[in-house]
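Numbering of ligands and ligand atoms starts at 1, following listing order. The residues of the chain are indexed from 1 along the displayed sequence.
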Amino acid sequence: MRLAFVTSNPGKIEEARKYLEPLGVEVYQLRFPYPEIQADTLEEVAEYGAKWLAERVDSPFFLDDSGLFINALRGFPGVYSAYVYKTLGIDGILKLLEGVDDRSAYFKSVVAYWDGELHLFTGRVGGRITTEPRGKGGFGFDPIFVPSGFDRTFAEMTTEEKNEISHRGKALKAFAEWLKENLK
Ligand code: ITT
């Protein structure tokens, strides 16, 4: 089976393949910009995007909406992560946290799969924000996020290591388990 992953982010594709290819699911990137509405939760953003795409894409597809939630910033950038990454960037986030002791944060990911109906899968990983960027792997905020129980940032890990513990890895794992049951 071939499944379209609607995303502009090749890093997400690489992570999804690791979970879905072992099931015999071939993941391909579909670049189809869709509206990311302003809403309070990633679930609402993912659901709106998936329903909008459902009217325009014929094949089954999935998308992923993610965000970095920093506790000292009351969850910012959260649902605004993509915009903040493009505008303030990693350095902007580090500036906002200058002198702040509580560096705790979490990443959350919502995978929305559309097969004529909507199915949502979520994953979350806690950790902390570093004081400087470290590592060259991954994408986005990976160089400044150290997951709980580790000393390395996501950008200092291989895709496999990140995938084992990450928000997206958990959402993809739930999606893969669901597919295994439902594609029989
Ligand atoms: P899409 O086309 O799939 O929307 P995107 O990169 O814009 O790609 P999101 O809308 O989900 O993704 O935006 C989330 C932002 O948070 C974006 O800037 C990402 O770089 C960042 N982000 C998401 N997942 C991440 C991860 O696993 N590690 C680091 N940063 C991440």
Side-chain angles (χ1 to χ4, degrees), residues 3-20 27-53 56-57 61-70 73 75-94 96 105-114 120-130 133-148 150 152-173 175:
L3 261 191
F5 187 172
V6 185
T7 180
S8 62
N9 185 334
K12 289 185 178 180
I13 296 277
E14 195 189 339
E15 293 180 8
R17 285 196 172 129
K18 307 250 177 202
Y19 275 96
L20 300 181
V27 177
Y28 66 98
Q29 181 172 12
L30 181 58
R31 289 178 183 273
F32 199 128
Y34 59 90
E36 293 196 7
I37 55 161
Q38 223 171 338
D40 291 338
T41 65
L42 295 174
E43 282 86 350
E44 288 168 87
V45 179
E47 179 170 346
Y48 186 91
K51 289 186 170 163
W52 186 90
L53 284 165
R56 293 160 177 87
V57 175
F61 65 86
F62 65 102
L63 58 82
D64 162 289
D65 201 53
S66 317
L68 175 64
F69 297 75
I70 300 174
L73 304 179
F76 184 82
V79 291
Y80 309 110
S81 293
Y83 179 72
V84 168
Y85 181 73
K86 273 181 236 140
T87 52
L88 301 180
I90 281 182
D91 290 340
I93 292 289
L94 291 179
L96 284 177
Y106 67 89
F107 266 120
K108 181 172 171 177
S109 185
V110 176
V111 168
Y113 173 53
W114 180 267
L120 294 184
F121 306 91
T122 63
R124 183 178 153 143
V125 61
R128 63 188 163 81
I129 305 296
T130 55
R134 294 196 321 249
K136 300 229 177 304
F139 60 88
F141 297 107
D142 281 344
I144 57 167
F145 185 84
V146 173
S148 301
F150 291 81
R152 284 171 299 148
T153 66
F154 269 159
E156 292 176 305
M157 298 182 174
T158 62
T159 306
E160 281 82 2
E161 284 176 303
K162 179 186 170 190
N163 243 349
E164 282 285 315
I165 52 174
S166 77
H167 48 308
R168 183 164 306 97
K170 288 175 184 162
L172 287 167
K173 186 163 187 241
F175 178 31

Can you tell me how far apart CE (Met157) and OG (Ser166) are? Round to the nearest 0.5 Å. 10.0 Å
With rounding to the nearest 0.5 Å, note down the distance linking CZ in Phe107 to CG in Asp142.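 One gets 5.5 Å once the value is rounded to the nearest 0.5 Å.
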Compile the protein residues with any heavy atom at a distance under 4.0 Å from an atom of ligand 1; present them by chain, then by number.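 Residue list for ligand 1: Thr7, Ser8, Asn9, Lys12, Tyr34, Glu36, Asp64, Asp65, Ser66, Ser81, Ala82, Tyr85, Phe107, Phe139, Gly140, Phe141, Asp142, Lys162, His167, Arg168.
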Which residues satisfy the side chain to side chain contact (heavy atoms under 4.5 Å, CB included) test with Tyr113, sequence neighbours excluded?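 Partners of Tyr113 under the side chain to side chain contact (heavy atoms under 4.5 Å, CB included) test: Met1, Leu3, Pro60, Phe62, Asp115, His119, Phe121, Phe175, Trp178, Leu179.
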Given 3.5 Å as the limit, does a donor-acceptor pair link the side chain of Gln29 with the main chain of Thr7, or not?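 Side chain of Gln29 to backbone of Thr7: a pair is present.
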Taking Asp64's backbone N and O only, do any of them form a donor-acceptor pair with Lys12's side chain (distance below 3.5 Å, no angle check)?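 Such a contact is found between Lys12 side chain and Asp64 backbone.
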pair Phe139-Glu15: side-chain heavy atoms closer than 4.5 Å: yes
